Amino acid sequence: MKKLRKKIIAGNWKMNKSTAEAQALAQEIVKELAGCSEADVVLCPPFTALKVVGDVISQTSIKLGAQNMHWEGEGAFTGEISASMLRDLYCWYVILGHSERRTCFGETDDHVNRKVKAALAATLLPIVCVGETLKEREAGQTEAVVKRQLEGGLAGLGAGELAKVVVAYEPVWAIGTGRTATPEQAQEVHAFIRKVLAGLASEEAAQTVRIQYGGSMKPANARDLLTQPDIDGGLIGGASLDARLFVEIVRQAM
Ligand code: 13P
């Protein structure tokens with residue numbers, strides 16, 4: 001079953017890099033990984049650098065992703081970006097429901113659900129982030145939180161739609177802290193996520209969905225995480241801003 005799922009490593013550049021810096025970073029990554037087809041590689045620069053990064057990777061197998069979008073197609077939504085605008089820039093993926101969006105910008109599971117549906121309708125592949133805070137983990141609520149986020153964010157999807165979604169398990173306490181979940185801790189939650197997905201759609205769809213781990217993933221810990229049976233990739237923050245570190249993580253996924 002596991003071989004059905006190709007590993008997927010995505011770099012979430014967050015609010016970093018000018019267009020010139022983004023271009024240079026993408027060029028370095030392309031130089032190292034141009035021929036790589038054993039793992040899917042996705043670069044998610046800020047909106048302002050989508051065009052320049054898209055141009056750099058256009059002749060390669062590396063795919064472009066965005067970090068957010070609005071669920072409406074167009075209209076009076078100052079400051080927002082639609083799924084079709086992202087498709088227009090040749091985005092394949094879009095990160096949705098990142099914990100920073102939930103915490104800093106009040107995104108709810110219902111918002112995430114609308115965005116997931118709008119993304120799929122526009123043939124964009126959503127990377128849906130879920131994960132508990134340290135307080136929730138310590139209170140023994142990890143499974144309840146992750147279940148609620150999955151059931152809310154993925155509500156109403158058919159099995160065929162669900163199979164296209166990538167889920168990213170990002171424990172909030174591990175993001176940008178240098179504190180990674182142990183491979184066992186991560187595997188436990190990933191297996192639980194797959195069980196919830198099977199309940200939402202079907203066992204077959206759940207076996208197809210790729211579940212990334214995110215939270216202080218680095219070359220030093222990537223292999224131990226990526227060899228767990230239900231960890232199908234990584235969503236990389238800090239280390240994705242350094243071509244050498246990012247490429248090294250991709251190599252660990254091959
Ligand atoms: P770090 O890799 O910097 O911990 O960030 C993870 C993340 O939030 C990716 O979306």
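Each ligand, and each atom within it, is numbered from 1 in the order the structure gives. As a basis for the values below, the full set of heavy atoms in this structure was taken, side chains included, without hydrogen atoms, waters or symmetry mates. Keep in mind the model is a prediction, meaning the values are calculated, not measured.
- Interface atoms of ligand 1 facing Asn12, defined by a heavy-atom separation under 4.0 Å, are 9 (C), 10 (O).
- Some N or O of Gly176 is nearer than 3.5 Å to an N or O of ligand 1, by distance alone.
- Distance alone, capped at 3.5 Å, places no donor-acceptor pair between the Gln252 side chain and the Leu226 backbone.
- With Arg102 contributing its side chain and Gly97 its backbone, the two residues share a donor-acceptor pair below 3.5 Å.
- By the 4.0 Å heavy-atom criterion, Ala174 is counted among the residues contacting ligand 1.
- Listed by first and then second residue, the salt bridge (charged side-chain N to carboxylate O under 4.0 Å, His left out) pairs that reach into residues 57-77 come to none, sequence neighbours excluded.
- Taking the six-membered ring for Trp and thresholds of 30 and 60 degrees, His190 and Tyr169 have ring planes more than 60 degrees apart, a perpendicular arrangement.
- Here Ile175 has heavy atoms under 4.0 Å from ligand 1 in both its backbone and its side chain.
- Within the 3.5 Å criterion, the main-chain N or O of Gly178 finds a donor-acceptor partner in the side chain of Ser216.
- Contact between Lys218 and ligand 1 is absent, with no heavy atom of the residue lying under 4.0 Å from the ligand.
- Considering backbone and side-chain atoms together, Gly237 places an N or O closer than 3.5 Å to an N or O of ligand 1.
- The distance from ligand 1 to the heavy atoms of Gly215 drops below 4.0 Å at these ligand atoms: 4 (O), 6 (C).
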All N/O donor-acceptor pairs, side-chain side in residues 150-167, below 3.5 Å, sequence neighbours left out:
residue, atom, partner, partner atom, Å
Glu151, OE2, Lys147, NZ, 3.2
Glu161, OE1, Gly158, N, 3.1

Practice task
Please lay out, stage by stage, how Arg251 and Glu32 fare under the test salt bridge (Lys or Arg N to Asp or Glu O under 4.0 Å).
Solution key: CA-CA 10 Å; Arg251 297 225 161 94; Glu32 295 294 326; 3.4 Å; yes
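- In terms of polar-atom proximity, Glu100 is not counted as a contact of ligand 1, lacking any N or O under 3.5 Å from an N or O of the ligand.
- Counting atoms of ligand 1 from 1 in the listed order, those under 4.0 Å from a heavy atom of Gly238 are 1 (P), 2 (O), 3 (O).
- Within the listing of ligand 1, atoms 6 (C), 7 (C), 8 (O), 9 (C), 10 (O) sit less than 4.0 angstrom from a heavy atom of Glu170.
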